[in-house]
Amino acid sequence: MTSPIATPNTTAVGLADSTWLTIKKPDLRDWKAVGHGVCSAHHGEILQGMFEVNGKLHRALISVPFGHLISEARFECDENLKTVVVEPRNCVKAQAAAELTLRKCGRKHGGYLTLSSNVPARIGLGSSTADVVATIEATADRCGVDLSTEEVAEFAVAAEIASDGSMFGNRAVLFAQRDGFVLEYFGGQYPHLYIVGFNTDPNGWGVDTLAFPPATYTVKEIKSFQMLRALMRRAIEDRSAALLGRVASCSARINNDHLKKKHFEELERLVEAVGAVGIQVAHSGPIAGIIFDPATAELGERVFETNARVAELYGTQTWCFEVGGRRRGLSK
Amino acid sequence: MIRQAYTTVSDAFELPRILRLGENLYAASFFLMKLLPAKFILDRARDHSLIGPGSTIIETTSGTFGLALAILCAEAGYKLIVVSDPAVDTPLKTRMEDLGTRVEIVREPAAVGGFQGARLERMKQLQSENPDHFWPSQYDNPHNPDAYAPLVEIVVECIGRFDFLVGTVGSGGSMCGTSNYARTIFPEIKAVGVDTFGSVLFGQPDQKRLLRGLGNSLMPKNLDHTIFDEVHWVSAQAAFTATRLLHRSYALFAGATSGAAFMVARWIAAQNPDKAVVCLLPDEGYRYIETVYSDEWLDQNGFSTRHMIESPTNVEHPFAARPEWARLDWNRRTLSEVLAVQEVTM
C-alpha cells in the first residue's frame with residue numbers, strides 16, 4: 001500500500017503577493033483500502049416506452065426515485081485473485097459489474113465484493129440495478145477513479161444488459177435502459193409528489209426482468225410516448241404534479257396492454273374516486289403507486305381511503321413516500 | 001434539447017408554431033398542415049414495402065394535400081399524379097408542377113358527387129393504367145388521423161393541459177386524430193368541428209360552396225362524428241372577415257380555413273374564460289392574396305369584411321343551420337342520431 005504523501009508530484013502555485021505555496025498532488029490510485037458505493041432503489045416508472053432519436057428507436061424510461069431502500073457495496077482489491085468473490089454469492093450481476101469496472105480502471109486482478117441491501121428483488125423496485133450501481137461505484141472508488149453518472153450508467157448496462165435509471169437519483173432523466181445512455185435530461189426538479197405504493201401481486205412470484213421479452217409497441221403507441229415525453233417537459237417546467245400524474249397514468253395504461261397489472265381498471269377508477277393525480281407502475285414487476293399532489297385538500301383522508309380500497313382489491317398494505325419538492329424533515 | 005439542422009423541407013415545415021392569441025386562446029399555426037398526414041401515410045406505405053424509389057403515387061385533391069404530397073414525392077423520388085378540378089388555384093398548381101407533379105384537371109362535374117365524383121372517376125381510370133401505383137386516399141386511410149400525435153406533442157409541451165380543440169373539418173383526419181391522441185391524456189377535452197354551409201359532413205344537403213378547404217361533398221371514412229362536442233357552420237363571408245381580422249389584429253397571415261377556425265375559437269374562448277382553447281390554423285395566406293386579402297376582389301364578389309359576426313345562432317338540426325354562422329350541440333352523437341331529431345321549423 002503506497003502512501004499518497006510519498007508521491008513526488010508537487011506543483012508550485014504563484015500567488016499575487018509573490019508568496020509561494022507548495023501543494024502536494026496526491027496519487028489517489030491506492031488511497032483507500034476499501035471502496036464504498038451506495039445506490040437507492042426506484043419505485044417503478046413514470047414513463048416507459050420507445051422513443052425516436054434521429055430516426056432510431058430506443059427503449060427508455062423515467063424512474064420514480066425511492067430513497068427509502070438502498071443497496072450498499074464494499075470492495076477490496078486482492079492482487080492474488082483473478083476474479084471477484086462476491087457476498088452474497090448469488091449476486092452474479094454485481095460480480096460481473098465489479099469485474100467490468102476493474103478492467104475499465106486498468107486493473108488485471110480481482111477482489112472481494114460485499115453487498116448489503118434492503119431492496120426486495122423481483123417486484124420492480126430495481127434491486128439488481130441498485131446492487132450493480134453500488135458495486136460499480138465501490139469498485140471505482142477503490143481504484144481511485146471518479147466516474148461520471150453517465151459512465152456508471154454505461155457500465156451498468158454493459159454488466160446487466162438492462163438497467164434502470166437509479167444511478168441518476170433525484171434527477172429526472174429519460175434513460176435508455178438497454179443502451180445505457182440518457183435520451184433527455186429534463187432539468188429542474190420533480191414536482192412535489194406524495195405516492196401511496198403497494199404490491200399488486202403480493203402472493204406472486206414476481207418477475208425476472210430479463211426473462212420476459214420486451215414489449216413490442218405499435219407505431220401509434222410510439223407516437224403517444226413522444227407526446228408523453230413532451231408533456232413531461234411541461235410538468236417539470238411548471239413543477240406540476242397534475243401533469244406528471246397524467247404522464248404516468250397514460251404510460252401505465254399503454255403498458256398494461258403488454259404486461260397486465262391485476263385490477264388495473266379498478267385502479268384507474270380509484271384514482272378518480274380519491275382525487276389523486278395519477279397512477280404509476282413498475283413495468284418489470286407488480287409494484288404500483290397512486291400519485292397525489294401534496295397540496296390537495298384533505299390529503300390524509302384521501303390516503304386513508306386509498307389504503308382501504310387497496311386492501312380491498314389486493315388484500316395488502318401500502319407504504320407512503322414523497323418525491324421532489326420540499327419534503328417534510330427538511331428545514332426551510 | 002439541442003436544436004439540429006433539418007435535412008428536409010418537409011421535416012422543417014411539418015410542425016406548427018404555437019401562438020398565444022389571448023388570455024386563454026392559443027393557435028397552432030401551420031405552414032402546411034397536410035404535410036403531417038401525407039408524410040405519415042407515405043412513411044407507413046414505405047415501411048410495408050408498398051412503395052419505393054420510382055413508385056407512382058396517384059391521388060385526387062384540389063387542396064393542400066396535393067402540395068404536401070408533391071413536396072414529399074420530390075424529396076423521396078416518387079412519381080406523383082394529382083387529379084384536380086377547376087377549383088385548384090394557380091399558385092398551388094404552379095408549385096406542384098414545379099415539383100414534378102403531373103396535375104390532371106377534370107373539366108365537367110359528375111352527376112352525383114360533383115367535381116369530387118368526376119375526380120374520383122378519372123383517378124380510377126389512371127389507377128388502372130398504372131397498376132403498380134399507390135393511392136394515399138386521405139379521406140379513408142386510417143393513417144391520416146393517426147398522423148397527428150406530433151401536433152399534440154408540441155401543444156402539450158407548450159401549454160400543458162387544454163380544454164377545447166377547435167378546427168375545420170374536410171377529411172376528418174386532423175380533428176379526429178388530434179382529439180383522439182389528446183384525449184388519451186386529457187379525456188375531458190371538448191372537440192369543436194368547423195364546417196361550412198352546403199357540406200354533407202355534418203348533415204347539410206350538398207351544395208356549391210364558396211368557402212374552400214373545409215367541408216366535403218362526399219362522406220369520408222376518416223370522419224368519426226362521435227368525437228365532436230360542438231359543430232359550427234361558417235359562411236365564406238364570415239370566414240373571410242375573420243381571416244382579415246386575424247391578420248390585422250395579430251399580423252397572422254393565414255388562409256380562409258384558418259379564419260373560420262379562429263372565429264369559432266375566439267368565441268369559445270370568450271364564452272369560457274377559465275378554459276384553455278386551442279385552434280388549428282392549417283395554412284398560410286399566400287394562396288389568398290388575390291382573393292380574401294384583396295378588397296377589390298371582395299367588393300366584386302359581394303363580400304364585405306368590415307363587420308365581424310360576434311356570435312352564432314344555435315340550431316337543433318343541421319337542416320336549420322343558416323348563414324352566416326350556426327352552432328349545434330353535437331354531444332358526441334352519430335350523424336344519424338343527430339338527423340333523427342325532429343327538425344324545429346323556425
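Below, chain A is the first sequence line, B the second, and so on; all start at residue 1.
- Atom CZ of F304(A) sits in a sparse spot, with 12 or fewer heavy atoms from other residues, nucleotides or ligands closer than 6.0 Å.
- Heavy-atom pairs under 4.5 Å with chain B were tallied for K223(A), R246(A), R253(A), E237(A); the largest tally goes to R246(A).
- In this structure, chain A has a heavy atom under 4.5 Å from the side chain of F40(B), while its backbone stays farther away.
- In this structure, the portion of L243(A) lying under 4.5 Å from any heavy atom of chain B is its side chain and not its backbone.
- A 6.0 Å sphere centred on CD of E23(B) holds no more than 12 heavy atoms belonging to other residues, nucleotides or ligands.
- Within a 6.0 Å radius of NZ in K261(A), other residues, nucleotides and ligands contribute more than 12 heavy atoms.
- Across every non-hydrogen atom of M227(A) and A149(B), the tightest pair is CG-O, 3.6 Å.
- Under the 4.5 Å side-chain criterion, counting only non-hydrogen atoms from C-beta, K220(A) is in contact with Y181(B).
- Going from atom CD1 of I154(B) over to atom CD of Q226(A) covers 12.5 Å, rounded to the nearest 0.5 Å.
- I185(B) CD1 to S251(A) OG: the interatomic distance, rounded to the nearest 0.5 Å, is 11.0 Å.
- Under a cut-off of 6.0 angstrom, the local environment of CG in D146(A) is sparse, with at most 12 non-hydrogen atoms contributed by other residues, nucleotides or ligands.
- Within a 6.0 Å sphere centred on CG of D132(B), other residues, nucleotides and ligands contribute 12 heavy atoms or fewer.
- Put simply, the side chain of V219(A) does not reach to within 4.5 Å of the side chain of H143(B), judged on heavy atoms.
- What you find for A230(A) and V156(B) is that their closest heavy atoms are CB-CG2, 4.2 Å.
- Both the backbone and the side chain of P187(B) come within contact range of chain A, judged by heavy atoms closer than 4.5 Å.
- Side-chain N or O atoms of R233(A) include none that pairs as donor or acceptor with a backbone N or O of E157(B) at under 3.5 Å.
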